[in-house]
Peer 1: 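First, the structure itself, so that you have it in front of you.
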Amino acid sequence: MDLQGELIEHPHSVYDRLRDAAPVCRITGTDGTPAWLVTRYDDVRAALADPRLSLDKSHATEGGYRGLSLPPALDANLLNMDPPDHTRIRRLVSRAFTPRRTEQLRTPIRATADRLLDALGPAGTADLVAAYAAPLPIVVICDLLGVPEDRRLDFRTWTDALIAPDPSRPRAAKEAVVAMLGFFTELMAHKRSRPGDDLLSDLIAVRDGGAGDGDGDGDGARGGGDRLTEDELMSLAFLILFAGYENTVQLIGNAIHTLLEHPEDLARLRKDPSALPAAVEELARYEGPAPLAIRRFPTEDVTIAGVKVPEGETVLLSLASANRDPGRFPRPDLLDLDRDTSGHLALGHGIHYCLGAPLARAETEIALAALLERYPVLEPASPAPRWRPSLRARGLTELPVRYDTARSPH
């Protein structure tokens, strides 16, 4: 079943159909090879936590899954690993993304948001993806990693080339990979010669010196006796920068777009910013950043919703469909800021739950708060926003708005 075009243009109506008629169905996957698509909430949630569904590509059937072509120095990352390696590497970096550490970042995140809005000025029109939703997370994640300001290259171009390839530029993805590899190679050399008070310097210290200081303050990446290979170090830096930027761009942009389509909810949040944390959860459920979880490969034949999926074949778990399953969320196509969103899967579930989820939530909440506080007038402008042509990411290529610091006379 070839649903690629339909899933990009009208994902939720397609998922509605599949949940009823074929909750586990054979489709053409994101890399052009066959895959099994799982769409019901209970099945997706169970599969996300099933240890028989491996992220390790070595379990893929020969001649099947191809996926993104990354060099070993970028490919040895958490999205391709199972325990125990996944456990070891995730432990090294997880302390940098705790709720406590995120709270410490709130003030600099708000300062960045305010600077970006200052650049927009008091009134006008702008593309809020390019001017706000994209630059905010790249500044935050680069500050966290310690990427010098003069090295903050065009990650939007690189990620677009990988996530939403342009058919007219068949070499763009390979060129982006080469550029990223060169960037991270130089960055590692720079950090080794001039370490700083940042996450990347901590990770390099773990790689080069073994166990860290073990101070247990929850803010570093060092842990007793943990080690990284050079490829793991490079791949981890790549994943933190890539995923920490890419997912949050989508989360912020989609949230703004959704609220523009629901002006009563936008007005409510402007009046009561204390409702924003809960609203971010519903906005993520309603239009999350990742339609699909990272692909999985059964290590043995598995049965999902009565369908046998053979060992080694590609399994795609639809987070977007699960979050619109009426069996779990009543009236799921309704944006309801008072909804009980517990258990939504926008940021995953199980041991591969999004490492940066606390940071992504905080960035989205702060981005919305600053925007709504600054502009009493915020409304769609022409041309209409366009979705990226991708099954891997659900996000906008642009989001034109009209904004004004003066209240409308109407």
Peer 1: With sequence neighbours excluded, what pairs up with Asp338 under the salt bridge (charged side-chain N to carboxylate O under 4.0 Å, His left out) test?
Peer 2: Arg268
Peer 1: When you compare the side chains of Glu313 and His59, does any donor N or O come within less than 3.5 Å of an acceptor on the partner?
Peer 2: no
Peer 1: Please answer whether the main-chain N or O of Glu6 pairs with a side-chain N or O of His10 as donor and acceptor at a distance below 3.5 Å.
Peer 2: no
Peer 1: Sub-3.5 Å donor-acceptor pair from the side chain of Lys191 to the main-chain atoms of Glu186, do we have one?
Peer 2: no
Peer 1: For Gly253 and Leu399, work out which heavy atoms get closest and say how close.
Peer 2: O-CD2, 3.8 Å
Peer 1: Considering only NZ, NE, NH1 and NH2 on the basic side and carboxylate oxygens on the acidic side, decide whether Arg328 and Asp325 come within less than 4.0 Å.
Peer 2: no
Peer 1: Counting C-beta onward and ignoring hydrogens, is there a side-chain heavy-atom pair between Pro34 and Arg26 closer than 4.5 Å?
Peer 2: yes
Peer 1: Test your reading of the model: is there a side-chain donor-acceptor pair from Thr248 to the backbone of Pro137, 3.5 Å cut-off?
Peer 2: no
Peer 1: Under the side-chain contact (heavy atoms from CB on, under 4.5 Å) rule, what do Val147 and Phe183 come out as? Steps first, then yes or no, please.
Peer 2: CA-CA 10 Å; Val147 178; Phe183 169 77; 3.8 Å; yes
Peer 1: Assess whether a salt bridge exists between Glu230 and Arg192, defined as any Lys/Arg side-chain N lying under 4.0 Å from an Asp/Glu carboxylate O.
Peer 2: yes
Peer 1: Going through the checks in order, is the salt bridge (Lys or Arg N to Asp or Glu O under 4.0 Å) test met by Arg339 and Glu281?
Peer 2: CA-CA 9 Å; Arg339 181 191 302 276; Glu281 300 304 316; over 6 Å; no
Peer 1: Going by heavy atoms in the side chains, are Met234 and Arg207 under 4.5 Å from each other?
Peer 2: no
Peer 1: Keeping Glu365 on the side-chain end and Leu276 on the backbone end, is there a donor-acceptor pair under 3.5 Å?
Peer 2: no
Peer 1: For the atom pair CG (Leu78) and OG1 (Thr87), what is the distance rounded to the nearest 0.5 Å?
Peer 2: 9.5 Å
Peer 1: Hey, are the side chains of Pro273 and Leu372 touching, using non-hydrogen atoms and a 4.5 Å cut-off?
Peer 2: no
Peer 1: Check for a donor-acceptor pair, side chain of Ser201 on one end and backbone N or O of Pro195 on the other, with a separation under 3.5 Å.
Peer 2: no
Peer 1: Are more than 12 heavy atoms from other residues, nucleotides or ligands located less than 6.0 Å from atom CG of Asp118?
Peer 2: yes
Peer 1: Do Asp56 and Asn80 have side-chain atoms, one donor and one acceptor, less than 3.5 Å apart?
Peer 2: no
Peer 1: Quick one, Pro291 and Ser318 - any side-chain contact, counting heavy atoms below 4.5 Å?
Peer 2: no
Peer 1: Is there a donor-acceptor pair closer than 3.5 Å between any side-chain N or O of Thr405 and the backbone N or O of Pro122?
Peer 2: yes
Peer 1: Got a donor-acceptor contact below 3.5 angstrom from the Ser390 side chain to the Ala393 backbone?
Peer 2: yes
Peer 1: Is there side-chain contact between Val315 and Val309, with heavy atoms separated by less than 4.5 Å?
Peer 2: yes
Peer 1: Could you walk me through whether Arg388 and Glu246 pass the salt bridge (Lys or Arg N to Asp or Glu O under 4.0 Å) test, one step at a time?
Peer 2: CA-CA 12 Å; Arg388 299 171 74 183; Glu246 182 64 26; 2.4 Å; yes
Peer 1: Side chains of Thr107 and Arg110: donor-acceptor distance under 3.5 Å anywhere?
Peer 2: no
Peer 1: Can you measure from CG (Leu241) to CG (Leu199) and round to the nearest 0.5 angstrom?
Peer 2: 11.0 Å
Peer 1: Within this structure, what is the CG-OG1 distance for the pair Leu355 and Thr98, rounded to the nearest 0.5 Å?
Peer 2: 10.5 Å
Peer 1: What is the distance from atom CG of Leu251 to atom CG of Leu347, rounded to the nearest 0.5 Å?
Peer 2: 6.5 Å
Peer 1: Taking 4.0 angstrom as the limit, do Arg270 and Glu373 come out as a salt bridge?
Peer 2: no
Peer 1: List for me each residue that meets ring-ring contact (aromatic ring centres under 6.0 Å, His included) alongside His349, sequence neighbours excluded, and say none if there are none.
Peer 2: none
Peer 1: List the atom of Ala284, the atom of Ala346, and the distance in Å for their closest heavy-atom pair.
Peer 2: O-CB, 3.4 Å
Peer 1: Kindly determine whether Arg374 and Asp114 satisfy side-chain contact (heavy atoms from CB on, under 4.5 Å), including the steps that lead there.
Peer 2: CA-CA 9 Å; Arg374 179 74 62 104; Asp114 286 337; 3.8 Å; yes
Peer 1: Honestly, is Arg285 close enough over Phe329, meaning NZ or CZ under 6.0 Å from the six-membered ring centre and within 45° of the axis?
Peer 2: yes
Peer 1: Could you tell me which non-hydrogen atom of Val129 sits nearest to which non-hydrogen atom of Thr397, and how far apart they are?
Peer 2: CG1-O, 4.1 Å
Peer 1: Identify the heavy atoms of Tyr132 and Leu371 that sit nearest to each other, and give their distance.
Peer 2: OH-N, 3.9 Å
Peer 1: Check Glu103 with Arg106, please: is the shortest side-chain N to carboxylate O separation under 4.0 Å?
Peer 2: yes
Peer 1: Using a distance-only test with no angle check, is there a side-chain donor-acceptor pair under 3.5 angstrom linking Asp16 and Ser13?
Peer 2: no
Peer 1: Tell me whether the centres of the aromatic rings in His190 and Phe184 are closer together than 6.0 Å.
Peer 2: no
Peer 1: Under a 3.5 Å distance rule, please check whether Asp82 uses its side chain to pair with a backbone N or O of Leu55 as donor and acceptor.
Peer 2: yes
Peer 1: Among His86, Arg90, Arg296, which one satisfies side chain to side chain donor-acceptor pair (under 3.5 Å) with His352?
Peer 2: His86
Peer 1: Identify the heavy atoms of Asn254 and Gly395 that sit nearest to each other, and give their distance.
Peer 2: OD1-CA, 3.6 Å
Peer 1: Check the surroundings of atom CZ in Arg66: do more than 12 heavy atoms from other residues, nucleotides or ligands lie under 6.0 Å from it?
Peer 2: yes
Peer 1: Can you tell me if Asp231 and Thr229 form a side-chain donor-acceptor pair at under 3.5 Å?
Peer 2: no
Peer 1: Once you round to the nearest 0.5 Å, how far does CG of Leu7 lie from NE2 of His12?
Peer 2: 10.5 Å
Peer 1: Return yes if some donor-acceptor pair links the side-chain N/O of Ser235 with the main-chain N/O of Ala76 below 3.5 Å, else return no.
Peer 2: yes
Peer 1: For the residue pair Met188 and Leu233, what are the closest heavy atoms and their distance?
Peer 2: CE-O, 3.7 Å
Peer 1: Any idea how Tyr403 and Tyr375 line up, ring-wise: parallel (<30°), tilted (30 to 60°), or perpendicular (>60°)?
Peer 2: tilted
Peer 1: Determine, using ring centers only, whether Trp387 and His257 are less than 6.0 Å apart.
Peer 2: yes
Peer 1: What do the steps show when you test Leu144 against Phe97 for side-chain contact (heavy atoms from CB on, under 4.5 Å), and what is the final call?
Peer 2: CA-CA 10 Å; Leu144 182 65; Phe97 295 96; 3.6 Å; yes
Peer 1: Given the ring of Tyr286, does Arg324 sit roughly above its face, with NZ or CZ under 6.0 Å from the centre of the six-membered ring and within 45° of the axis?
Peer 2: yes
Peer 1: Compare all side-chain heavy atoms of Arg19 with those of Pro326 and state whether any distance is below 4.5 angstrom.
Peer 2: yes
Peer 1: Counting only N and O atoms by type, is there a donor-acceptor contact under 3.5 Å from the side chain of Asn247 to the main-chain atoms of Ala360?
Peer 2: no
Peer 1: Quick one: do Val401 and Glu379 satisfy side-chain contact (heavy atoms from CB on, under 4.5 Å)? Show the steps, please.
Peer 2: CA-CA 6 Å; Val401 300; Glu379 57 193 21; over 6 Å; no
Peer 1: Taking only Lys NZ, Arg NE, NH1 and NH2, and the carboxylate oxygens of Asp or Glu, determine whether Asp42 and Arg40 approach each other closer than 4.0 Å.
Peer 2: no
Peer 1: Measure the spacing between CZ of Arg361 and CD1 of Ile366 and express it to the nearest 0.5 Å.
Peer 2: 13.5 Å
